[in-house]
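In what follows, chains carry the letters A, B, and so on, assigned in the order in which the sequence lines appear, proteins first and then strands, with residues in each chain numbered from 1.
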Amino acid sequence: GENVEQHPSTLSVQEGDSAVIKCTYSDSASNYFPWYKQELGKRPQLIIDIRSNVGEKKDQRIAVTLNKTAKHFSLHITETQPEDSAVYFCAASDGYALNFGKGTSLLVTP
Amino acid sequence: NAGVTQTPKFQVLKTGQSMTLQCAQDMNHNSMYWYRQDPGMGLRLIYYSASEGTTDKGEVPNGYNVSRLNKREFSLRLESAAPSQTSVYFCASNGQGGEQYFGPGTRLTVT
């Protein structure tokens with residue numbers, strides 16, 4: 001089955017800096033790669049996603065890149081703000097179920 | 001449009017008791033999912049239902065059963081709860097493009 005590895009497990013940045021979270025996947029059939037943000041005690045919320053026919057996607061301060069050959073994808077957050085502090089999960093899907101990474105706890109300090 | 005709803009929000013069970021977690025979605029989605037979330041483990045798939053009338057095991061199905069009652073509802077049953085099933089349970093449904101929408105979660109403690 002699909003195995004998704006996510007790094008780092010914790011990340012601390014200063015407000016205004018950039019944050020990068022990286023994931024690798026094992027199943028070459030995976031074709032959909034979403035990123036979720038989860039605040040403490042809340043449900044995971046989709047923040048951005050990318051499909052296998054696209055190399056990069058941006059939405060304001062958030063961008064995701066995908067390297068299908070190397071089987072890795074990354075989340076980039078620029079100009080971080082304290083409200084970006086949360087746990088971020090990557091996932092990979094072949095169209096049926098999502099396989100999640102173990103999460104990255106991001107702390108943005110003022 | 002309530003999205004994905006779950007009941008109950010919190011539950012405490014004694015070892016050996018049974019209970020059913022309820023999930024419903026009003027977005028006319030075909031696929032529905034049950035995950036459990038434990039500290040440091042991310043979200044792990046218990047069961048999913050690709051369409052009404054079908055269910056499939058995920059990564060951690062032991063100790064659970066599911067029922068896809070109709071297109072809207074997908075329930076998760078614990079027949080004999082164990083302390084290892086203490087977790088937060090999330091239901092989700094799939095949009096047309098594959099994006100998943102999660103319910104608010106059920107926090108279950110088994111003593």
A.B. asks: Using every non-hydrogen atom in the two residues, find where B:P104 and A:R43 come nearest and quote the distance to one decimal.
C.D. replies: CB-NH2, 3.6 Å

A.B. asks: Tell me if a side-chain donor or acceptor on A:Y36 pairs with a main-chain N or O of B:Q100 at a distance below 3.5 Å.
C.D. replies: yes

A.B. asks: Does any heavy atom of chain A fall under 4.5 Å from the side chain of B:V88, the backbone, both, or neither of them?
C.D. replies: neither

A.B. asks: Does A:E83 CD have over 12 foreign heavy atoms under 6.0 Å away?
C.D. replies: yes

A.B. asks: For the hydrophobic clusters of this structure (ILVMFWY residues joined by side-chain heavy atoms under 4.5 Å, transitively), does one cluster hold both A:L11 and A:L75?
C.D. replies: yes

A.B. asks: So if you build clusters from Ile, Leu, Val, Met, Phe, Trp, Tyr with side-chain heavy-atom gaps below 4.5 Å, do B:L13 and B:Y89 land together?
C.D. replies: yes

A.B. asks: Counting only heavy atoms closer than 4.5 Å, note whether A:P44 contacts chain B via side chain, backbone, both or neither.
C.D. replies: both

A.B. asks: Using 0.5 Å steps for rounding, measure from the CG atom of B:L43 to the CD atom of A:Q38.
C.D. replies: 6.5 Å

A.B. asks: Would you name the heavy atoms of A:D49 and B:E99 that are closest together and state the gap between them?
C.D. replies: OD2-CB, 4.4 Å

A.B. asks: Around atom NZ of B:K71, are there more than 12 heavy atoms of other residues, nucleotides or ligands at under 6.0 Å?
C.D. replies: yes

A.B. asks: Using the ring pair (Phe, Tyr, Trp, His ring centres under 6.0 Å) rule, pick out the option among B:Y33, B:F90, B:Y35 that qualifies with A:F100.
C.D. replies: B:Y35

A.B. asks: Heavy-atom count around B:R44 CZ within 6.0 Å, excluding the residue itself: above 12?
C.D. replies: yes

A.B. asks: More than 12 heavy atoms of other residues, nucleotides or ligands under 6.0 Å from CD of A:E15: yes or no?
C.D. replies: yes

A.B. asks: Under 4.5 Å between side-chain heavy atoms, counting indirect links through other Ile/Leu/Val/Met/Phe/Trp/Tyr residues: same cluster for A:W35 and A:I62 or not?
C.D. replies: yes

A.B. asks: At a heavy-atom distance under 4.5 Å, which candidate from A:R51, A:K42, A:Q6 has the highest pair count against chain B?
C.D. replies: A:R51

A.B. asks: Please classify the contact between B:Q37 and chain A as side chain, backbone, both or neither, with a heavy-atom cut-off of under 4.5 Å.
C.D. replies: side chain

A.B. asks: With only heavy atoms counted, which part of A:L46 is less than 4.5 Å from chain B, the side chain, the backbone, both or neither?
C.D. replies: side chain

